[in-house]
Amino acid sequence: MSLAPVTERDATDLWQLAERHLVRYSGAGAFSPELIESASGSFVTTVDGRRILDFTSGQMSAILGHSHPEIVRTVTAQIGRLDHLFSGMLSRPVIELAERLSATLPEPLRKVLLLTTGAEANEAAIRMAKLVTGKHEIVSFARSWHGMTYAAASATYSAGRRGYGPAAPGSLALPVPNAYRPDFITADGALDWQRQLDWGFGLVDAQSVGSLAACMIEPILSSGGIIDLPPGYLAALQQKCRERGMLLILDEAQTGLCRTGNWYAFQRDAVVPDILVLSKTLGAGLPLAALVTSPDIELAAHDREFLFFTTHVNDPLPAAVGDTVLRVLDEGTFDARAAERGAHLAAGLHKLAERHTVVGDVRGRGLLIGLELVLDRETKRSSDRLAALVTDRCRALGLHVNIVQLPGMGGVFRIAPPLTATEEELDLGLMILDQAIGDVVASGDLPV
């Protein structure tokens, strides 16, 4: 067999090769129509030289922007020194990252397991919870996304459940406390999240076979439509877990490490989980994830011979990157920066809502904000077509945004620019989004 020589190919050739050789993995969706050649800071550049403002930080991961010089420096140095080891060996970068990471967290979160992706880390968290509690049922939100591996996918309800056979036994769902579309309401029409939570756990208790191991949730549901848990909800949920002998697992893949204006989203509620899962932001775009738990839970798991021996557990190269990410975040006080930039971005989005009646809601925290589009503010009627048209127009104007389309919900833009984004870049994104919405509405090409 001979391989074709490496030559510069134009975009047309590359797309033909992609169609011939690549597996499609986005459900009914397709690949983004832009072919990316390079990226730097808040922008990606296509093969034909067009710069696109990245309002999703890659896959919600590149919190320090693309090709951050400190990350480039770390990767360059570490790859020439030590990249990968036998999984039972330890190295300096792994130990130093574990130390630095635990120092950012409250007691008793001090024990760290380093992995590659959020799905893998969630898999480890579920496996540990089942082993430690001796039980097997896992509760998660009905709009959740925790990954595509078996246990993580079984705890994922926003997509991908049909056609793959049985989910893990004991997978149970809780209703989502969506303040914009409340199902349980108070006398004044607001979300009655306490009554909803009580009702949800009533259903959990009715379905449980007496083996509730853990509840795994995101403090802000991202793929679920940027649903921020109401203040007080997380503490009440933790109490429900305590009453049933369940562990509380928080998946902060997208909310962890300063994005919400705190180092961790759970800090707003003064709640400390039994197990914390980090991923996307920890590697700032490189494959790195972590499970963090208490010494007591780690000891109980070890005494029961906890096994999660994977190929890239505790790899030194991504660990060195993670250590650099934490150092840069700390030295740059990026938690305060995200709060400040997030307030600026939210104010701009609220101004868009004043100008465009198709903007139904603006919600979120820090630099993780959702903007929901509707056809009618009174009825909150949604339209997949409206959201798709605005997304396409944004792309044409030079802005990449991601849209969440779920049943019973309007198209929700997940806006998560890098924490390094300047106010000028945020304003550019707001300007493009403003124009895109205006152009689509003016076109008259909306559903009746």
Side-chain angles (χ1 to χ4, degrees), residues 42 54-58 60-65 68 100-101 103-106 109 177 179-180 217-235 237 250-273 276-285 290 292 325-353 361-372 401-402 412-427 429-430:
S42 298
D54 182 6
F55 253 33
T56 65
S57 302
M60 311 293 174
S61 301
I63 53 172
L64 297 179
H68 189 282
R100 192 186 294 270
L101 180 57
T104 70
L105 288 160
L109 297 175
Y180 182 61
I217 64 154
E218 303 162 271
I220 301 175
L221 287 84
S222 179
S223 294
I226 311 295
I227 306 298
D228 191 2
L229 301 185
Y233 185 97
L234 193 55
L237 176 63
L250 292 187
D251 179 357
E252 292 227 25
Q254 298 186 36
T255 55
L257 304 187
C258 301
R259 180 167 286 288
T260 66
N262 293 108
W263 269 80
Y264 302 97
F266 68 75
Q267 290 176 311
R268 183 199 69 177
D269 299 270
V271 169
V272 180
L276 173 67
V277 175
L278 303 170
S279 53
K280 298 177 182 291
T281 57
L282 183 58
V292 191
V325 170
L326 295 182
R327 176 176 58 79
V328 172
L329 290 173
D330 182 42
E331 291 174 353
T333 59
F334 274 91
D335 51 344
R337 181 187 176 105
E340 176 189 340
R341 294 282 193 270
H344 180 86
L345 179 59
L349 292 171
H350 281 291
K351 289 179 181 177
L352 292 190
D361 193 32
V362 176
R363 54 182 180 258
R365 271 190 267 167
L367 283 172
L368 181 59
I369 302 180
L371 182 142
E372 183 164 349
V401 286
N402 176 252
V412 181
F413 286 102
R414 292 195 294 172
I415 300 174
L419 307 191
T420 51
T422 65
E423 285 195 358
E424 292 74 20
E425 289 168 342
L426 297 179
D427 289 341
L430 288 166

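Remember, it's a predicted structure, so these values are computed and weren't measured experimentally. Position 1 is the first residue of the sequence, and the numbers go up from there. No hydrogens, no waters, no symmetry mates; every other heavy atom, side chains included, goes into these values.
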request  = Check step by step if side-chain contact (heavy atoms from CB on, under 4.5 Å) holds for F266 and L234.
outcome  = CA-CA 8 Å; F266 68 75; L234 193 55; 4.0 Å; yes
Any sub-3.5 Å donor-acceptor pair from [X]'s side-chain atoms to [Y]'s backbone N or O?
{"X": "E252", "Y": "A265", "answer": "yes"}
{"X": "E425", "Y": "T422", "answer": "yes"}
{"X": "T281", "Y": "G256", "answer": "yes"}

Is there a side-chain contact between [X] and [Y] (heavy atoms, below 4.5 Å)?
{"X": "V292", "Y": "L105", "answer": "yes"}
{"X": "P106", "Y": "V272", "answer": "yes"}
{"X": "L345", "Y": "L367", "answer": "yes"}
{"X": "I63", "Y": "L329", "answer": "yes"}

Closest heavy-atom contact between [X] and [Y]?
{"X": "L276", "Y": "L109", "answer": "CB-CD1, 4.4 Å"}
{"X": "D269", "Y": "P230", "answer": "OD1-O, 4.4 Å"}
{"X": "A421", "Y": "R341", "answer": "O-NE, 3.1 Å"}
{"X": "F55", "Y": "L426", "answer": "CZ-O, 3.9 Å"}
{"X": "E372", "Y": "Y180", "answer": "OE1-CD2, 3.4 Å"}
{"X": "C258", "Y": "A338", "answer": "O-CB, 3.0 Å"}

Find the distance between [atom1] ([X]) and [atom2] ([Y]) and round it off to the nearest 0.5 Å.
{"X": "E424", "Y": "D427", "atom1": "CD", "atom2": "CG", "value": "7.0 Å"}
{"X": "L352", "Y": "L371", "atom1": "CG", "atom2": "CG", "value": "7.0 Å"}
{"X": "S223", "Y": "M60", "atom1": "OG", "atom2": "CE", "value": "7.5 Å"}
{"X": "W263", "Y": "L326", "atom1": "CH2", "atom2": "CG", "value": "5.5 Å"}

message = With side-chain contact (heavy atoms from CB on, under 4.5 Å) as the criterion, how do L101 and L278 come out once you've worked through the C-alpha distance, each side chain's angles and the decisive distance to 0.1 Å?
response = CA-CA 10 Å; L101 180 57; L278 303 170; 3.8 Å; yes
key: A353: side-chain contact (heavy atoms from CB on, under 4.5 Å) partners, not counting sequence neighbours   = V359, R377
key: side-chain contact (heavy atoms from CB on, under 4.5 Å) against N262, all qualifying residues, sequence neighbours excluded   = T260, Q267, R268
key: Residue of the set L349, I226, D228 for which side chain to side chain contact (heavy atoms under 4.5 Å, CB included) holds with I369   = L349
key: Residue from Q254, K280, R259 passing side chain to side chain contact (heavy atoms under 4.5 Å, CB included) with S57   = R259
ask   = Going through the distances and angles, do L237 and I217 end up as a side-chain contact (heavy atoms from CB on, under 4.5 Å)?
value = CA-CA 10 Å; L237 176 63; I217 64 154; 3.4 Å; yes
Side-chain H-bond candidate by donor/acceptor type, T56 with D54, under 3.5 Å = yes
request  = Would you kindly say whether T255 and R365 are connected by a side-chain donor-acceptor distance under 3.5 Å?
outcome  = no
message = For I227 and R363: C-alpha separation, side-chain torsions, deciding distance, then whether side-chain contact (heavy atoms from CB on, under 4.5 Å) applies.
response = CA-CA 8 Å; I227 306 298; R363 54 182 180 258; 3.8 Å; yes
